[in-house]
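Okay, so here's the structure we're looking at.
Below, chain A is the first sequence line, B the second, and so on; all start at residue 1.
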Number of protein chains: 2
Amino acid sequence: MLKEAGDSREDRVPLSRERVLNCAVAVADGGGLSSLTMRSLAKELGVKPMALYHYFTNKDEILDGIVDLVFGEMELPSAGGHWREEISRRAVSARSVLRRHSWAIVLMESRSRPGPATLRHHDAVLGTLRGAGLSLAMTGHAYALLDAFVYGFAIQEAALPFDRGTAPEVTASIAARFSPEAYPHLVEFATERALQPGYDFGEEFEFGLDVILDVLERMIARGNGDDP
Amino acid sequence: MLKEAGDSREDRVPLSRERVLNCAVAVADGGGLSSLTMRSLAKELGVKPMALYHYFTNKDEILDGIVDLVFGEMELPSAGGHWREEISRRAVSARSVLRRHSWAIVLMESRSRPGPATLRHHDAVLGTLRGAGLSLAMTGHAYALLDAFVYGFAIQEAALPFDRGTAPEVTASIAARFSPEAYPHLVEFATERALQPGYDFGEEFEFGLDVILDVLERMIARGNGDDP
DNA sequence: ACCTGAACACCGTTCAAGT
DNA sequence: ACCTGAACACCGTTCAAGT
């Protein structure tokens, strides 16, 4: 499927945790999470399934690993810059990473052993918010709000039936189930807004992010005080 | 597992789509999505796996069905009341439903055939926002922001390692991996805030929701104008 | 119409072995 | 140390049958 699948030649690179995890991400990117099995992964690596168990105790450990790889792809906010620009850059990056690897969103829900990249990521965001002058309590409020939005937006984007260049027939078959009598507002919104040529759901991200950054800005301007 | 599992008596209620779906929700609630298999579901219903295929063409159709059941559990905003109270009540209800059925969050990402309860739900929310005076474009902004927050918060809650009454040993084993030198802000936040006795992550929901409702209120007060 | 049995091509994983 | 073969208890699903 990727590269040259069936190369079980003698001169191949030996296995390693890193090589397995990178391949696992590629497999999931290509065919979704359901296509990532110990057997498909082994085949892609030119190896027998059991070989993987020499590097990972089970599949769960591989899933933990690729979630951490995904976190590692997100840009960290740097301590040097202005908080708003840094937090914004990180949010935009997180969203685009989750768009590339939309299978990762559902995995994040079930992982309970965060890896080093995940921890470093959270540490950097918390540090930036604290550095901007927010109290611990306000930092918690801000981070929960910000990341709920980022993850939630990623879910919505992944769930979109009419994604990047879906065939019009799919859109039509969905629209056909929308009876204007039963769902008047849904039909109005779909036909006059969401399905209009110019509409791009992705732009809702910038809107929501700006709104949230404005909220944080007011929280920071107000100092460490009580809830607004 | 639930009720009387092994009752394959002659006097049992005949199968139906509704009965299968309700049972499927119960199985997923009890043992997570991975425990919901055609075989486990059939056993719970006191029937052979193949019987299910008389009511559903495949497992995907069952998953579509239970997602719609979950949407059906969420309170709809009523057209009569004040928008803020209605939208707030609906958001609180959606969150608590997703907490009860946290397996549903990941399913929502992959379903592309929304059922009637799902459509009715979206229609009611859109209608409430439109009724409050928002333009179509603003309604789109508002709904994306609101639901990204609701779904994203649900994901965060589901991912919490220290959920409702997790054993302290689990918390400790996670905390042990937090080196204060490597992750100073994370350790600070965990020890001085998140792991404090009084802290309840759920309260971040009310904070975020109020903030978003305030934003909508300003959008509405400003009329149908441009982006803020 | 409603349900079943046997079978197929898959899973993750264990256990004992090869080099 | 690194990889394999055979086997086990699972999956979803097809196909042909029972009542």
Could you tell me the separation between the [atom1] atom of [X] and the [atom2] atom of [N], rounded to a whole number of Å?
{"X": "A:Lys48", "N": "C:dA17", "atom1": "NZ", "atom2": "P", "answer": "21 Å"}
{"X": "A:Lys43", "N": "C:dA9", "atom1": "NZ", "atom2": "P", "answer": "14 Å"}
{"X": "A:Met38", "N": "D:dC10", "atom1": "CE", "atom2": "P", "answer": "19 Å"}
{"X": "B:Ile62", "N": "D:dT13", "atom1": "CD1", "atom2": "C1'", "answer": "12 Å"}
{"X": "A:Asn58", "N": "C:dT14", "atom1": "CG", "atom2": "C1'", "answer": "13 Å"}
{"X": "A:His54", "N": "C:dA17", "atom1": "NE2", "atom2": "P", "answer": "17 Å"}
{"X": "A:Arg39", "N": "C:dC10", "atom1": "CZ", "atom2": "P", "answer": "10 Å"}
{"X": "A:Leu36", "N": "C:dC10", "atom1": "CG", "atom2": "C1'", "answer": "15 Å"}

Is there a side-chain contact between [X] and [Y] (heavy atoms, below 4.5 Å)?
{"X": "B:Lys59", "Y": "B:Met38", "result": "yes"}
{"X": "B:Ser102", "Y": "A:Glu109", "result": "yes"}
{"X": "B:Glu73", "Y": "B:Arg100", "result": "yes"}
{"X": "A:Tyr151", "Y": "A:Phe153", "result": "no"}

If a pair means Watson-Crick or G-U wobble with both distances below 3.5 Å, what does DNA chain D look like in dot-bracket form, with | marking bases paired to a different strand? ||.|||||...|||||.||
Give me the ring orientation class for A:Phe205 and A:Phe149: parallel if the planes are under 30° apart, tilted from 30 to 60°, perpendicular past 60°.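 It falls in the parallel class, under 30°.
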Below 30° counts as parallel, above 60° as perpendicular, anything between as tilted: where do the rings of A:Phe207 and B:His141 land?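 Rings of A:Phe207 and B:His141: parallel, as their planes differ by under 30°.
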Touch check for A:Met50, heavy atoms < 4.0 angstrom, all strands: base, sugar-phosphate only, or nothing? base
So, OP1 or OP2 of [N]: does either fall under 4.0 Å of a side-chain N or O from [X]?
{"X": "B:Lys59", "N": "D:dG12", "answer": "yes"}
{"X": "A:Tyr55", "N": "D:dA1", "answer": "no"}
{"X": "B:Tyr53", "N": "D:dT13", "answer": "yes"}

Indicate whether any N or O donor in one side chain lies under 3.5 Å from an N or O acceptor in the other, for B:Gln156 and A:Tyr143. no
